[in-house]
Each structure stands twice: as structure tokens, then as C-alpha cells.
Amino acid sequence: MKRLTLRQAFALAAVACCTLSSNAFAAFLNYGDFGPDPAPAYTMYLDVRESSGTDPVPPESRYNAPNLVGDSLLFTPSQFVAQAYLPLGQGDIIDVQMNTTIMALEENNVVAGGYSGITINEWGSYSFMGAGTSATAVRAALAVGVTILEVDGVPVPNPGSPQWKLTVSDTFDANAASDPDDGLWNNQVFIDFTAAIANLNPQFGVTKAAIVADNRLLALSESNPVTISFIDKKGFDIVPVTVPNPDFQVIPEPATAVMLLALVAGAAGLRRFA
């Protein structure tokens, strides 16, 4: 966690939605791979990891390990907090990045479906104490970059082309002079794939994409009058817009197939002796 002077905090806040990089920070916390859940879900999240520009190395866990719910990935952070008051300094900033690759299930070169877009939501709460001015403030900034890698199970042409790189952002701001002392906040972005892949005439849409989400929480306080500001993140989720393939069928594993054949044969034998 990085403590800042008021001047430093405002300078960093001004560039909260900065250029995204998949390797912005050196140290990672890797949560592994998730999915797919049972049908009709078909989404996998690969190499889910977080990194930080403000935490020590190795970084603290801010997002916490996620849960897969159908095609969506849900995080429930418990230590994603920025707070500012005089003994700790007048500014506090938490800067954390989440990386993953979203991918649709595929069997025998047939995809289970694709995605026409992705919605990313985050939410939390904030508080102010003291007779503060607009300089007692909080901010939550979300910047998301998505790189399209495959469409309908086929790698995109010219994968380094800017047309496959999409960026969006959203920011919440509140201050003690014009907002309630206690409140809830949320940011939401939608990444629409349709225009970017239209020239490929997709049947189901994007089937693999790299996601980079940069999250910053900022809290600012004053020394005269003495004030306290606090902001936390309570939730973060990735919700893809799915376009299922109605003809897709999951092929059973060999051991499962043998078991099913044995059950069918056993049932046939019971009918003969009934």
C-alpha cells in the first residue's frame, strides 16, 4: 500500500485510466484456470492472476480467488481498500491489475459457442468523516483492455493489428463537500465485439480473448480541518454475452463412455430376464 502526499495523490488520480499492459507489474498472484461449468455453460478462464503497482513483492491478495458461476467469473475482495487520514498521510492509492484469457469450450474443432461482448462490473462503498471540503475525496477507476485472439475457433488474421485491441473505462468520484458521508459506488463497462469482427462474418463470435483490467482506488483527506476518507471494493465480475452453438455436443471421456456402455448392456440384460 502506497501512502502519498496530497499533490502526489492528485497527480496519480489524473492518470488513473492509463495505457494498459498485460505485463504492467512484475510479481503475480496466480489463481489458475477455471471452467467450464456443466452445460449449458461453456466458458473457461485461463491463467487468472493479479498483480500490483502499490503492494510489496510478493503482492497482497486484493481480489481473492474467484468463483465460476455458469459462464461468469465472480471475485469477492476483502482487502481492496484505500483510506486516508493524517497519521497515515493525506493520500492513499491501491493499484491492482487482473489478467485472464477467456475461451470457449471446443471439441473436435467444433466450438460450443462464442461471445458478442463482455460486461465487467465492480462495486463497493465509501465513507467520509470530519467537516471536509471537496479536497476530502475518493475515486474508483476501472480501465479494461481486451485483445481478440480467435473468432469461431480460428485465430484472427494479423493478430498484432490495433483492430483486435479494444479499451474502455469508467470512473466513480465523490467528495465530502457535495456527496453523502456514506454511500455505495459502482463502475460498469461493456466491450462490444461485433464491430471489430464484422468483416470476418462470424457465426458465433469471439471464442478467445485476453483481458486486462486495471483497478485503482484513491482516498484523499485534509489536515485542516482533520478529515478521514475510506473506499473499498466489495465485488468484481466478468459476464460474457454468450452465443451458443445449438449443434454442439460434449464427447464423453473414454472411461465415461465405457461406463455408459456397461450400464446400457446391463439394462438390456435385466429386461431379458424380467
Side-chain angles (χ1 to χ4, degrees), residues 1-20 24-25 27 29 50-64 66 74-98 120-144 167-189 212-238:
M1 183 180 298
K2 185 176 291 185
R3 300 294 174 184
L4 307 168
T5 66
L6 201 58
R7 184 186 299 273
Q8 290 171 324
F10 273 117
L12 279 170
V15 293
C17 294
C18 60
T19 302
L20 294 164
F25 308 125
L29 289 175
E50 73 169 89
S51 56
S52 176
T54 52
D55 286 342
V57 178
E60 302 175 52
S61 176
R62 299 293 183 180
Y63 283 98
N64 294 335
L74 174 63
F75 296 82
T76 53
S78 58
Q79 302 295 324
F80 213 128
V81 176
Q83 54 186 334
Y85 55 97
L86 193 57
L88 295 177
Q90 290 176 281
D92 185 22
I93 188 168
I94 300 294
D95 187 2
V96 183
Q97 186 178 101
M98 192 282 300
I120 294 181
N121 306 283
E122 63 173 3
W123 60 94
S125 63
Y126 73 89
S127 296
F128 301 122
M129 293 185 66
T133 69
S134 59
T136 296
V138 293
R139 166 172 286 191
L142 171 65
V144 178
T167 58
V168 290
S169 63
D170 196 11
T171 303
F172 168 85
D173 286 292
N175 67 76
S178 58
D179 296 290
D181 287 344
D182 298 283
L184 302 176
W185 66 269
N186 71 281
N187 287 325
Q188 182 182 82
V189 296
V212 180
D214 189 75
N215 280 237
R216 292 186 179 185
L217 296 185
L218 173 71
L220 303 173
S221 65
E222 299 171 79
S223 58
N224 186 22
V226 175
T227 61
I228 298 173
S229 63
F230 169 94
I231 185 169
D232 71 354
K233 187 198 307 290
K234 298 183 183 298
F236 178 95
D237 63 21
I238 304 172

Are the side chain of T227 and the backbone of G130 linked by a donor-acceptor contact shorter than 3.5 Å?
no

Between W185 and T171, is there a donor-acceptor pair closer than 3.5 Å when you use the side chain of the first and the backbone of the second?
no

Mutual orientation of the aromatic rings belonging to F172 and Y126 [parallel < 30°, tilted 30-60°, perpendicular > 60°]:
tilted

With heavy-atom distances below 4.5 Å as the criterion, would you say the side chains of [X] and [Y] are in contact?
X	Y	result
N121	N186	no
L184	W123	no
Y85	M129	no
D232	K234	yes

Show your reasoning for whether side-chain contact (heavy atoms from CB on, under 4.5 Å) applies to I228 and Q83.
CA-CA 7 Å; I228 298 173; Q83 54 186 334; 5.9 Å; no

Please give me the minimum heavy-atom distance between [X] and [Y], naming the atom from each residue.
X	Y	answer
D179	D173	OD2-O, 4.5 Å
V168	V189	CG2-CB, 3.6 Å
N64	S78	ND2-OG, 2.9 Å
N175	F128	C-CE1, 3.5 Å
E50	R62	OE2-N, 3.0 Å
S229	T136	CB-CG2, 4.1 Å

Euclidean distance, [Y] [atom2] relative to [X] [atom1], rounded to 0.5 Å:
X	Y	atom1	atom2	value
S52	Y63	OG	OH	10.0 Å
E122	L217	CD	CG	7.5 Å
F236	L74	CZ	CG	10.5 Å
T76	D237	OG1	CG	11.0 Å
S51	L29	OG	CG	8.5 Å
D181	S127	CG	OG	8.0 Å

Apply the side chain to side chain contact (heavy atoms under 4.5 Å, CB included) test between I120 and each candidate in N187, I238, D170; give the one that qualifies.
I238

